[in-house]
Structures are given as C-alpha cells and as structure tokens.
Amino acid sequence: MTNENYILFKVHVHITFIIFIYDIYLKKPCEQVDTTQYRLNARAGDFRPTHLIRVSDLEKVPGEEATNGYCALSYCWEQSGEIVQENDGYKCIDNDFQIEYLWYDKVCIDQSDMKARQQEIKQMHRIYGNACYTVAFIPEVGITDSNNFHTISDKYPSATKAHIEAVQNIWVESSWRKRSWTLEEVMMSKRILIVGANANLWQHSLHTCNIPITHNLFSAWMLDFHNQHGGGGSANQALSEAHFRTSSREHDKIFSLASIFHDMFKDIKNDYTSDVKTTFHNFYRTVATNDLSILCFGSDLELDESKTHINTMKDYQLPTWTGVDGAHSRERVTTTTALMDLPHYICDGMLLHISTKYYKTLFILPFGSGGYTSESRGKQLDKQIFDMKRKRQQSMRSYLTEEEKDALLNRMGVMYKTTNCFPTHHQHQEGHPPMKIVPLSLTEDCEECTILPILFKTHYVVLKDAEETPALKLLDGYFYSYLLPVFKRCMNSAGTTRYKAIGVYYLGNQEDKDFCIESDNPDKILKAVFGDEDAIHDDVEEFIIE
C-alpha cells in the first residue's frame with residue numbers, strides 16, 4: 001500500500017471509528033443478566049498472530065506487543081464495503097468493549113504476499129483459539145421491539161426475548177452463518193461477542209468456561225470445538241454445519257474445514273490450482289480414516305418436513321459415507337467400538353472398506369401407512385414431541401399395539417432431541433417387548449438394511465441453574481445415547497455387491513430403564529446386539545461402501 005493510499009486508509013478508518021463509537025452506545029446487550037465482567041475477565045492464550053491492529057491509534061503492530069491479549073474479528077467480506085486498492089472497508093472496535101488489540105485479516109495479512117497469506121491461514125485456528133474473544137459483526141441482528149431487551153421469553157425462561165430474536169437473526173437470516181470461513185472462526189473461538197445493528201450478544205463455551213450463561217447453540221456445541229467434553233469435538237459436529245455453508249471459492253469449503261481439523265491436516269497446502277474434486281476427496285478420506293463419527297448422520301428433513309438448508313457439497317461426486325445425502329448430528333459423537341476393532345480403509349476409488357464377521361440384517365418399516373412420504377411423517381415434536389405423539393398415533397401401522405406405539409414415539413422423541421436426527425423408520429420383531437421396537441433415521445427408503453458393530457455415543461448437554469444467578473445455566477454433565485450406522489445393499493453397474501451409508505439405528509440411552517442394553521460398557525452393548533447366532537458369521541465379510 002502506497003503512502004498516499006495508506007493516509008486515505010487511515011482517514012477512512014478514523015471516520016469509521018468515530019461513527020462506530022457513537023453507534024455502539026445505541027446497541028443494547030441481549031442477556032438477561034449483565035455479563036460485562038465475564039467479558040472483561042476473558043484471558044488470551046499464549047499464541048500471538050504475526051501482526052495486530054492497536055486500537056488506541058489504529059496502527060498495525062507486531063503481535064508480540066499485545067502482552068495482555070487481543071481479540072479477533074469475524075465478519076463477511078462482502079459486507080464490509082470498499083476502500084482503497086482491492087481491500088474492503090474496515091470497521092474498528094471502540095473502547096467501550098475494552099479492546100486494546102484486534103486481529104483483522106485484511107489489514108494484518110498482506111493480501112498481496114501469497115507466502116505470508118499461506119503462513120497466516122495455516123495458523124488461523126491458533127489466532128481465533130488464543131484470542132480473548134472473537135468479535136463478530138452481523139448486521140442482520142436487529143431487535144424490532146425495545147421492550148424485548150427487558151422481557152423474558154415465555155418458552156425459554158433463562159433468556160430475554162431479545163436474546164431469542166438475536167439468535168434467530170443469526171441462524172436464519174445472516175450471511176455470516178452461511179459462510180465456510182466463519183464456521184471455522186467460531187468453532188476455534190472460546191468466546192464470542194456478536195455486534196449487530198442495535199444489539200450485542202455475549203456467548204462462551206459451556207464445556208470449558210465454568211461461568212453462568214444463557215444457553216444456546218453457540219455455547220452448547222460450536223464454541224471451543226477442540227476443548228469440548230475434555231477431549232475435543234468430533235467430525236460429525238463440524239460437518240453438521242459445513243455441509244450447508246458456502247464460499248466465494250470452492251476450495252475454501254475444504255480449506256476452512258481443514259483448519260478445524262488442523263491436527264489431521266498439518267501439512268495441507270492451500271493450493272487453489274489443485275483439482276477441486278481431488279481436494280474434496282482427499283479431505284474426506286483423511287477424516288474418515290481418523291474418525292468414523294463421519295458415519296453418524298440421518299434424515300436431513302426438519303420436523304415440518306422441509307429442508308431448511310440446501311446442501312452445498314452435492315457437486316463433488318462424494319460417496320454416501322461422507323453423509324452428503326443426510327444431516328450429521330450436532331452433538332459430539334465418540335466411536336466407542338471395543339468388542340472388535342474393525343479394519344477399515346478408503347481406496348483410491350473413494351470406497352470405504354470395512355471387514356468384520358459381526359453384522360446383522362434388519363427388516364424395517366417406514367412410520368405410518370403411506371410409506372416414506374411426508375403424509376406418513378408427523379409435523380411436530382416437543383410441545384412438538386407431545387403433539388407428534390397424538391398426530392402419529394393414528395397413522396401408525398395397525399399391527400402395533402397402543403403400548404408399542406407409545407413406547408416407540410417416546411424413543412423417537414429422545415432420539416430427535418439427543419441426535420437432531422429425525423426418525424423415519426422402525427424395526428419391529430414379533431414377540432419383543434415394546435421398548436425393543438427401535439427407530440431409525442434414514443436418508444432413503446428401504447425394507448432391508450444392515451448394521452455393523454461401530455458403536456456411536458452421543459454427548460447431549462445437561463444443564464443446571466446457577467446458584468448465584470438462577471436465570472442462567474451451567475453445565476451439569478452429559479446425557480448419552482447410543483447408535484449404530486446403517487447400510488443398504490445395492491449393485492453397481494458391473495453387478496458387484498456394494499453398500500450405501502444411509503443413516504443411523506438408535507439403540508437407546510443410559511437412563512432408559514427398558515434400554516435394550518443394560519450397560520454403559522461398549523463391549524457389553526455390542527455383545528447384546530451382535531452376540532446371537534444371526535449376527536456372528538463364520539467368515540469375515542468385506543463391506544464396500546460407495
């Protein structure tokens with residue numbers, strides 16, 4: 001940047017800064033309880049970016065100067081306006097938020113220096129992970145009624161109506177939520193301050209910050225991805241969002257994800273000249289080799305039968321085991337297979353090979369009498385769950401007794417709440433007690449499917465009231481449910497047997513008195529499912545999943 005352009009840039013920034021200081025006082029916090037001290041006490045990690053913006057004079061300085069920490073900026077490039085050269089506009093954070101140093105990519109990274117860009121992009125996870133907190137500019141966040149800042153939500157007594165409206169703005173309307181790089185930024189962050197049109201919203205990770213908070217999706221499963229549950233997040237969590245995100249360059253869908261899984265991709269080079277399909281395939285091959293929770297996905301329909309998000313990964317000829325045809329569970333999933341470690345690998349043709357002599361064939365049915373159609377599937381669950389019980393009771397197949405229907409509907413409700421997978425089918429075996437009727441969430445219809453001994457354990461957040469501030473919540477532990485991946489047999493064009501990954505089979509949870517497995521031990525669970533003569537075969541079978 002020339003001296004003349006730099007002066008113009010500084011003038012633009014100072015004007016923006018003054019306007020923003022004036023504007024910031026019009027923005028009100030959405031939290032029911034004042035969270036200022038939590039924010040001011042937030043501490044940075046040891047890492048520092050190469051450069052930072054010093055807010056007091058808006059100078060670009062070496063990152064090591066910020067001995068007390070810094071904040072990182074998250075925003076959509078196309079919303080920041082034009083300034084000199086090719087760079088977009090710069091919005092500076094004012095001292096109302098006590099920010100001394102700010103990392104802002106377009107200024108702190110020399111966009112004309114490809115080597116510097118590559119180096120800084122490789123440490124994005126460290127930049128956001130070590131910041132005191134991330135500041136996200138989301139202009140779509142706007143509270144329509146000023147009374148909502150002081151009115152408690154009828155449905156969520158720990159939140160103000162403003163808080164609920166702000167989260168709705170973010171999740172449904174904002175461009176920020178739809179972009180690939182902002183997913184990486186928020187999942188690396190421990191804390192986030194969202195600044196909208198007339199409101200701000202403070203959130204931190206429930207898993208790693210023992211501070212009361214209004215609970216929502218940020219605190220429960222997005223923030224501080226690598227430190228969740230004492231052991232980090234899982235592949236399915238990131239993919240549950242990533243498969244519905246967009247980017248201006250196709251490669252960025254993968255490069256941003258690779259930053260989330262940086263331990264798996266330490267040597268990745270962000271090469272935009274590489275073949276896109278090959279880039280996508282290499283990413284999924286690496287993830288599945290390291291973490292089979294990639295197979296924990298189900299139907300991508302919402303409770304009202306709609307698809308609220310369009311899958312953006314459909315154009316890269318991805319195999320079914322990537323979950324591209326469904327929706328992954330948002331909850332953390334661990335693969336706890338212990339009975340028999342299944343050898344598996346992914347060949348050059350992107351086929352997932354799994355070898356085992358333990359497998360089971362299930363005969364299943366869709367809910368209702370109309371097959372795998374919207375008419376046969378309920379409309380709501382919770383108030384939703386209770387209303388669904390009523391609506392579905394009448395449409396379920398006549399061979400089910402009322403007791404069986406009730407038991408199955410209860411299991412469906414728990415499955416949906418703890419996995420975010422909508423139940424579509426069920427297994428029914430005559431002579432089994434009602435709770436042995438198992439729901440499945442599948443991406444396509446079938447009458448016969450196969451389950452393999454890959455045991456998934458989902459971690460659903462359990463909350464408790466904070467003693468000093470009962471309106472807020474603290475993490476009280478996790479509610480565990482167990483699932484198995486489901487595969488459908490098919491034939492390829494050469495007449496060779498292949499399988500498709502089509503969803504999950506819900507076993508139950510640790511508090512279910514009629515849980516078909518009376519243990520939390522993976523070995524015992526798998527033995528209960530695959531221990532009979534129908535599931536143990538003399539020869540090892542190789543399942544090839546396309």
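If you read the sequence from its start, that first residue is 1, and numbering goes on from there.
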Could you pull out the closest heavy-atom pair between [X] and [Y], with the gap in Å?
{"X": "Thr312", "Y": "Thr246", "value": "CG2-CG2, 3.7 Å"}
{"X": "His215", "Y": "Ala220", "value": "NE2-CB, 3.4 Å"}
{"X": "Ala66", "Y": "Arg48", "value": "O-NE, 2.7 Å"}
{"X": "Arg245", "Y": "Ser180", "value": "CB-OG, 3.8 Å"}
{"X": "Ser234", "Y": "Val333", "value": "OG-N, 2.9 Å"}

**OP:** Please name the residue in the list His125, His207, His262 that meets the ring pair (Phe, Tyr, Trp, His ring centres under 6.0 Å) test with His226.
**Re:**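 Single pass found, and it is His262.
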**OP:** Among Tyr70, Phe47, Tyr133, Tyr128, find the one that has a ring pair (Phe, Tyr, Trp, His ring centres under 6.0 Å) with Trp103.
**Re:**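 Result for ring pair (Phe, Tyr, Trp, His ring centres under 6.0 Å) with Trp103: Tyr128.
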Between [X] and [Y], do the side chains contain an N or O donor and an N or O acceptor separated by less than 3.5 Å?
{"X": "Ser274", "Y": "Thr279", "result": "yes"}
{"X": "Thr278", "Y": "Asp275", "result": "yes"}
{"X": "Ser256", "Y": "Arg179", "result": "no"}
{"X": "Asn216", "Y": "His163", "result": "yes"}
{"X": "Asp224", "Y": "Thr208", "result": "yes"}
{"X": "Tyr101", "Y": "Asn68", "result": "no"}

**OP:** Indicate yes or no: at least one non-hydrogen side-chain atom of Cys108 is less than 4.5 angstrom from one of Thr50.
**Re:**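 Heavy-atom side-chain distance check fails, nothing below 4.5 Å.
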Original post:
Of the options Gln123, Glu185, Arg126, Glu184, which is the one that meets Ser259 in a side chain to side chain donor-acceptor pair (under 3.5 Å)?
Top reply: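 When Gln123, Glu185, Arg126, Glu184 are each tested with Ser259, the side chain to side chain donor-acceptor pair (under 3.5 Å) holds only for Glu184.
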Subject >> Parallel, tilted or perpendicular: ring planes of Phe261 versus Phe283, cut at 30 and 60 degrees >> reply: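 Rings of Phe261 and Phe283: tilted, as their planes differ by 30° to 60°.
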**OP:** Check the angle between the aromatic planes of Trp171 and Phe218 and answer parallel, tilted or perpendicular using the 30° and 60° thresholds.
**Re:**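 Trp171 and Phe218: perpendicular rings.
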Is the backbone N or O of [Y] less than 3.5 Å from a side-chain atom of [X], with the two atoms forming a donor-acceptor pair by type?
{"X": "Thr320", "Y": "Ala501", "result": "yes"}
{"X": "Asn200", "Y": "Leu193", "result": "no"}
{"X": "Lys161", "Y": "Asp145", "result": "no"}
{"X": "His328", "Y": "Ile294", "result": "yes"}
{"X": "His204", "Y": "Trp202", "result": "no"}

**OP:** Applying side-chain contact (heavy atoms from CB on, under 4.5 Å) between Trp176 and each of Leu183, Val141, Thr182, report the one that passes.
**Re:**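 Option passing the side-chain contact (heavy atoms from CB on, under 4.5 Å) with Trp176: Thr182.
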**OP:** With Glu331 as reference, evaluate Tyr478, Tyr480, Tyr460 under the side-chain contact (heavy atoms from CB on, under 4.5 Å) test and give the passing residue.
**Re:**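 Only one of Tyr478, Tyr480, Tyr460 forms a side-chain contact (heavy atoms from CB on, under 4.5 Å) with Glu331, namely Tyr460.
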Original post:
Could you give the distance from CG (Asn282) to NZ (Lys277), rounded to the nearest 0.5 Å?
Top reply: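 Here the rounded value is 11.5 Å.
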Original post:
Does a side-chain N-to-carboxylate-O contact under 4.0 Å join Arg177 and Glu241?
Top reply: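 Salt bridge between Arg177 and Glu241, a charged N being under 4.0 Å from a carboxylate O: yes.
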Original post:
Is the CG atom of Asp46 crowded by more than 12 outside heavy atoms at less than 6.0 Å?
Top reply: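 It does not: Asp46 CG has 12 such atoms or fewer within range.
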